[in-house]
Number of protein chains: 2
Amino acid sequence: MLSIGDLSKRTGVKVPTIRYYEQMGLISEPDRSEGNQRRYTRTDLERLAFIRHGRDLGLTIDAIKELISLSQHPDRPCVGADRIAKEHLDDVRTKIAQLKRLEHELERIVSHCDGHSIEDCYVIRALSDHGLCDGEH
Amino acid sequence: MLSIGDLSKRTGVKVPTIRYYEQMGLISEPDRSEGNQRRYTRTDLERLAFIRHGRDLGLTIDAIKELISLSQHPDRPCVGADRIAKEHLDDVRTKIAQLKRLEHELERIVSHCDGHSIEDCYVIRALSDHGLCDGEH
DNA sequence: TCCAATACCTCTAGTCTCTAGAGCAATATA
DNA sequence: TATATTGCTCTAGAGACTAGAGGTATTGGA
């Protein structure tokens, strides 16, 4: 039986976050010690590692909830799970593209600045005047 | 003189967001009509466009505040503004790198899935078992 | 000129995913 | 056994808005 601190150390999920996940219904309420402290099993550990992993990949709490519920019906086809992952992959790709445009824009802004007075500062001017931008964002 | 709605239409910043920016001290309190409605000038319009642009580029409210305060001292050297932009560029690059690792991981996960039962679903298995990952994330 | 539609006002509370702190209780270690 | 550490609940805060309630101004058309 693991305490919440043990679970935290093993999964890298902070203690208050574990309690938060419980509150959100991502993990079930664990048994308690005589003194009302949470006691976790190996199953809880695996579940939490699953959640952690999903969060690291940027999945939302709701997406993870859905995956958990899917995984509890092992006989169903896995298209649901695949769909969630695919949608997320699309999101990630969109975000990368956006950030790259941003990077480009910022590079231009930064490299134009020569450290003289604010009056001539390209950073400030570029922000004031959208027309100085290359693409749209 | 522009109403808050006009300002919103011209800048693409939603009305409640404009009021929020006022509350946060990003824009100064405008004059009011006889009936207590906000009335904006061309200067306010420019300021808001500046903020909008900064937010589009992903700058935080605090960073924008700092830039505004810098821009109000036109005699000072512009290294401060340049520093803010550079720091942000670093952030953006870090985030792109992270997302690319993620993309890679998700691609692997998705492409392994053959649509059969959940029991064999690679999405679920990959999330359960970090050992199936390529890199660290 | 009057009326209805639209826009505006303030204030409060909610979003999402945690994180921090207060004040107290249980457990582990020396 | 004394003390240090960990745990408990509850509330509030972060950032950057967004939504809704309940009421007031302004605007455009008949």
Side-chain angles (χ1 to χ4, degrees), chain A residues 1-27 29-41 44-45 47-48 50-68 84 88 91 95 98 102 137, chain B residues 1-27 29-40 44 47-68 84 87-88 91-92 95 98 102:
Chain A
M1 283 299 204
L2 302 166
S3 72
I4 197 166
D6 296 335
L7 194 65
S8 169
K9 265 169 226 145
R10 299 247 207 144
T11 57
V13 178
K14 288 184 186 155
V15 169
T17 307
I18 296 174
R19 289 196 276 249
Y20 167 76
Y21 286 161
E22 181 182 324
Q23 216 180 302
M24 293 299 101
L26 273 181
I27 51 181
E29 291 186 23
D31 290 341
R32 300 282 182 138
S33 72
E34 299 241 320
N36 197 37
Q37 298 194 355
R38 288 168 178 81
R39 290 296 177 259
Y40 295 95
T41 64
D44 294 319
L45 180 72
R47 163 74 64 93
L48 190 57
F50 180 99
I51 295 166
R52 169 83 214 257
H53 200 166
R55 289 292 301 137
D56 279 351
L57 291 172
L59 295 170
T60 62
I61 297 274
D62 278 350
I64 294 172
K65 237 185 213 169
E66 209 177 332
L67 285 175
I68 289 172
I84 291 174
H88 187 56
D91 288 352
K95 191 142 258 172
Q98 271 175 7
L102 244 178
H137 47 134
Chain B
M1 284 300 205
L2 303 166
S3 72
I4 198 167
D6 296 334
L7 195 66
S8 167
K9 265 169 225 142
R10 300 247 207 143
T11 58
V13 178
K14 288 186 187 152
V15 169
T17 306
I18 297 174
R19 289 195 277 250
Y20 168 73
Y21 286 160
E22 181 183 324
Q23 216 181 301
M24 294 298 102
L26 274 180
I27 52 182
E29 292 186 21
D31 291 341
R32 300 283 181 137
S33 71
E34 300 241 318
N36 196 37
Q37 298 194 356
R38 291 169 178 80
R39 289 295 176 260
Y40 295 95
D44 294 320
R47 163 73 64 93
L48 190 57
F50 180 99
I51 295 166
R52 169 83 215 256
H53 200 164
R55 289 292 303 136
D56 279 353
L57 290 172
L59 294 170
T60 62
I61 297 274
D62 278 350
I64 294 171
K65 239 186 210 164
E66 210 177 330
L67 285 174
I68 288 172
I84 291 174
E87 278 174 12
H88 188 54
D91 287 354
V92 168
K95 191 144 260 172
Q98 269 175 9
L102 245 177

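A note on names: the letters A, B, ... follow the listed sequences, proteins ahead of strands, and every chain is numbered from 1. Keep in mind that the numbers below use all heavy atoms, side chains included, and drop hydrogens, waters and symmetry copies.
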Spacing between [X] atom [atom1] and [N] atom [atom2], to the nearest angstrom:
| X | N | atom1 | atom2 | value |
| --- | --- | --- | --- | --- |
| A/L26 | C/dC18 | CG | C1' | 12 Å |
| A/R32 | C/dA25 | CZ | P | 16 Å |
| B/D6 | C/dA7 | CG | P | 10 Å |
| B/D62 | D/dC17 | CG | P | 12 Å |
| A/M1 | C/dT27 | CE | P | 14 Å |
| A/M24 | C/dT15 | CE | C1' | 12 Å |
| B/N36 | D/dG23 | CG | P | 17 Å |
| B/R55 | D/dG15 | CZ | C1' | 8 Å |

Self-check item: 5'-most by nearest nucleotide on DNA chain C - B/S3 or B/Q23
Solution: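 Comparing both residues, the 5'-ward one is B/S3.
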Quiz item: Relative to the 5' end of DNA chain D, which residue comes earlier, A/R39 or B/G35, by the nucleotide with the nearest heavy atom?
Solution: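 The residue mapped nearer the 5' terminus is A/R39.
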Quiz item: Is it true that a side-chain atom of B/R47 and a backbone atom of B/L26 form a donor plus acceptor pair closer than 3.5 Å?
Solution: yes
Exercise. Without swapping roles, check the side chain of A/R10 against the backbone of A/L45 for a donor-acceptor pair under 3.5 Å.
Key: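 Judged by distance alone, no pair lies under 3.5 Å.
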Options [options], nucleotide nearest the side-chain atoms of [X]:
| X | options | result |
| --- | --- | --- |
| A/Y20 | D/dC8, C/dC8, C/dC18 | C/dC18 |
| A/Q37 | D/dT6, C/dT10, D/dT9 | D/dT6 |
| A/S33 | C/dT27, D/dA25, C/dC8 | C/dT27 |
| B/I61 | C/dC9, D/dG7, D/dA16 | D/dA16 |

Is there side-chain contact between [X] and [Y], with heavy atoms separated by less than 4.5 Å?
| X | Y | value |
| --- | --- | --- |
| B/R32 | B/R38 | yes |
| B/D44 | B/L2 | no |
| A/M1 | A/S33 | no |

Quiz prompt | B/T17 vs D/dC17: side-chain N/O to OP1/OP2 distance below 4.0 Å | solution =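 No, B/T17 has no side-chain N/O under 4.0 Å of OP1/OP2 on D/dC17.
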Quiz item: Contact class for A/R38 (heavy atom, under 4.0 Å): base, sugar-phosphate, or nothing?
Solution: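 Touches sugar-phosphate only.
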